[in-house]
Amino acid sequence: IGALEGLAHRLMQLIAMAFGFTEGYFADSLIDSMITLKMIRYPPHPENACSKTFGVGTHTDWGSITILAQDNCGGLEVCLPGGEWVAAPPIPNTFIVNF
């Protein structure tokens, strides 16, 4: 958990700098922050499943950032600001960061 917390803090620093703020812009928000670690495995979608069968419905992650380890199954979709859903194809040895 400590390594993930360090990663999350560093990502928040990088996000701040990407938006033109100082590296420590979010520092006060990270004091005594609540960290939730979920280990969830979503099995591949069965090939013979009907179109109404799905693993996880539309949802919004809560908190500042979500760090998602990818696998080779894919299935994650992202909603663009205009409402269009696009696939987020898996890239080996990477994480998706949602903020």
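Residues L30 and Y25 share a single hydrophobic cluster, defined by chaining ILVMFWY side chains whose heavy atoms lie under 4.5 Å apart. Cluster annotation: W85 and L80 are assigned to distinct hydrophobic clusters (Ile/Leu/Val/Met/Phe/Trp/Tyr, side-chain heavy-atom contacts under 4.5 Å, transitive).
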Practice item. Would you check, one step at a time, whether the test side-chain contact (heavy atoms from CB on, under 4.5 Å) holds for T66 with V97? Key: CA-CA 6 Å; T66 297; V97 178; over 6 Å; no
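Counting heavy atoms from C-beta on, the side chains of I67 and L7 come closer than 4.5 Å. Side-chain contact between M12 and S64 is present, with heavy atoms from C-beta onward closer than 4.5 Å. Inter-residue side-chain proximity for I91 and I96 is flagged as unmet; no heavy-atom pair is nearer than 4.5 Å. Within the 4.5 Å cutoff, side-chain heavy atoms of I65 are placed close to those of I15.
With a 6.0 Å radius and a threshold of 12 heavy atoms from other residues, nucleotides or ligands, F26 has its CZ atom above the threshold.
Between R10 and E23 a salt bridge is recorded (basic side-chain N to carboxylate O distance below 4.0 Å).
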